[in-house]
Q: 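What follows is a single structure, and I will ask about it in a moment.
Sequence lines set the chain letters: A, B, ... in the order given, protein chains first and strands last, and positions in each chain run from 1.
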Amino acid sequence: MKYWLLKSEPDCFSIDDLAKAKRQTTFWDGVRNYQARNFMRDEMKLGDQAFFYHSSCDEPAIMGLCEIVREAYPDHTAFDPKNDHYDPKSKQADPTWMMVDIRLTKPFTKPLTLEQLKAIPALKEMELLRRGSRLSVQPVTKPQFEAILKLAK
DNA sequence: GCCAACGTTGGC
DNA sequence: GCCAACGTTGGC
């Protein structure tokens with residue numbers, strides 16, 4: 001099993017939105033970065049665990065834990081000219097962009113803020129904390145995953 | 001709102 | 001294939 005971190009801007013889609021969704025499940029659309037797509041397409045498997053992270057907001061933080069409930073399939077929002085994430089280069093017959101489905105399994109009552117994460121020695125090498133890191137879908141190592149889960153409530 | 005870091009685009 | 005220009009991300 002692998003571990004992941006997924007970024008979302010809460011103004012766009014927050015963990016509360018996910019909590020309110022049917023079966024606490026959503027498709028993770030809008031990823032338009034090749035490295036992030038490759039992680040989703042090639043490495044994300046059913047049952048993998050993923051942290052839900054709020055970015056570009058007052059208090060960036062890991063908000064909860066999710067599970068991958070469907071493996072990669074074409075991101076249909078790329079085909080829709082009216083969608084913000086429309087990409088004319090992605091064709092139905094040969095989709096460029098993929099998405100997965102995730103289900104919220106454990107919203108944290110006390111999210112771990114970015115500030116707190118930075119203070120945890122076990123997370124020194126974490127991708128999220130790397131200077132200039134922008135990857136919206138990123139792998140988390142098992143020790144990192146466990147360190148975070150131990151502190152999150 | 002600023003700006004550093006990074007990815008993408010396009011001319012050559 | 002190089003690289004400058006540009007756009008985006010995301011913390012502050």
Side-chain angles (χ1 to χ4, degrees), chain A residues 2-21 26-44 48-68 71-102 104 106-141 143-153:
Chain A
K2 289 203 167 81
Y3 308 96
W4 306 95
L5 182 140
L6 304 173
K7 290 184 190 173
S8 184
E9 298 185 23
D11 286 348
C12 178
F13 187 83
S14 73
I15 192 156
D16 290 334
D17 294 326
L18 180 53
K20 281 184 237 148
T26 190
F27 47 83
W28 202 251
D29 63 314
V31 172
R32 297 292 180 269
N33 168 282
Y34 287 100
Q35 203 182 348
R37 179 209 62 185
N38 291 349
F39 281 133
M40 288 201 299
R41 186 191 62 189
D42 305 334
E43 297 192 43
M44 259 188 199
D48 280 4
Q49 304 292 110
F51 290 120
F52 192 110
Y53 178 80
H54 278 179
S55 67
S56 295
C57 55
D58 283 351
E59 190 144 77
I62 294 181
M63 304 301 294
L65 185 63
C66 299
E67 184 173 324
I68 308 304
E71 294 178 9
Y73 60 108
D75 181 343
H76 59 81
T77 67
F79 307 135
D80 177 6
K82 291 194 290 294
N83 192 285
D84 281 348
H85 302 292
Y86 175 58
D87 180 0
K89 292 192 299 302
S90 184
K91 306 288 180 215
Q92 300 255 6
D94 183 22
T96 307
W97 305 113
M98 298 282 150
M99 60 190 187
V100 298
D101 287 357
I102 62 167
L104 180 63
K106 188 180 178 187
F108 297 152
T109 50
K110 276 201 79 184
L112 273 184
T113 66
L114 179 59
E115 199 183 355
Q116 289 174 302
L117 294 169
K118 284 177 177 169
I120 301 169
L123 303 183
K124 221 161 196 105
E125 307 291 319
M126 194 176 176
E127 168 67 23
L128 182 72
L129 305 182
R130 242 192 60 238
R131 179 178 166 81
S133 168
R134 305 194 320 193
L135 202 52
S136 65
V137 174
Q138 52 179 260
V140 171
T141 67
Q144 289 164 356
F145 177 81
E146 286 168 353
I148 291 165
L149 255 204
K150 200 155 59 170
L151 292 167
K153 296 188 193 88

Q: Listed by chain and number, what are the side chain to side chain contact (heavy atoms under 4.5 Å, CB included) partners of A:Tyr34, not counting sequence neighbours?
A: A:Arg37, A:Thr96, A:Trp97
Q: Without swapping roles, check the side chain of A:Asp29 against the backbone of A:His76 for a donor-acceptor pair under 3.5 Å.
A: no
Q: Atom CG of A:Asp11 and atom C1' of C:dG10: how far apart are they, to the nearest Å?
A: 13 Å
Q: Determine whether a donor-acceptor pair (N or O, by modelled atom type, separation under 3.5 Å) exists between the side chain of A:Asp75 and the backbone of A:Met99.
A: no
Q: What are the two closest non-hydrogen atoms of A:Phe52 and A:Ser14, and how far apart are they?
A: CZ-C, 3.8 Å
Q: For residues 118-130 of chain A, which side-chain N or O atoms pair as donor and acceptor with protein atoms under 3.5 Å away, sequence neighbours left out?
A:
from     : atom 1 : to       : atom 2 : distance (Å)
A:Glu127 : OE1    : A:Arg130 : NH1    : 2.8
A:Glu127 : OE2    : A:Arg130 : NH1    : 2.9
A:Glu127 : OE2    : A:Ser133 : OG     : 3.0

Q: Identify all side-chain donor-acceptor contacts of residues 144-153 of chain A below 3.5 Å with residues at least two apart in sequence or on another chain.
A:
from     : atom 1 : to       : atom 2 : distance (Å)
A:Gln144 : OE1    : A:Thr141 : N      : 2.9
A:Gln144 : OE1    : A:Thr141 : OG1    : 3.3

Q: Figure out the NZ/P separation between A:Lys118 and C:dG11, and round it to whole Å.
A: 8 Å
Q: Mind listing the residues from residues 120-132 of chain A sitting with a heavy atom below 4.0 Å of DNA chain B? Number order is fine.
A: A:Arg130, A:Arg131, A:Gly132
Q: Using the test side chain to side chain contact (heavy atoms under 4.5 Å, CB included), find all partners of A:Ser55 that sit at least two apart in sequence or belong to another chain.
A: A:Lys7, A:Glu9, A:Tyr53
Q: Determine, for nucleotides 3-9 of chain C in 5'-to-3' order, which nucleotides have protein heavy atoms under 4.0 Å from the base (write B), from only the sugar-phosphate (write S), or from neither (write -).
A: ----BBB
Q: Would you call A:Met44 and A:Val137 a side-chain contact if the rule is heavy atoms closer than 4.5 Å?
A: yes
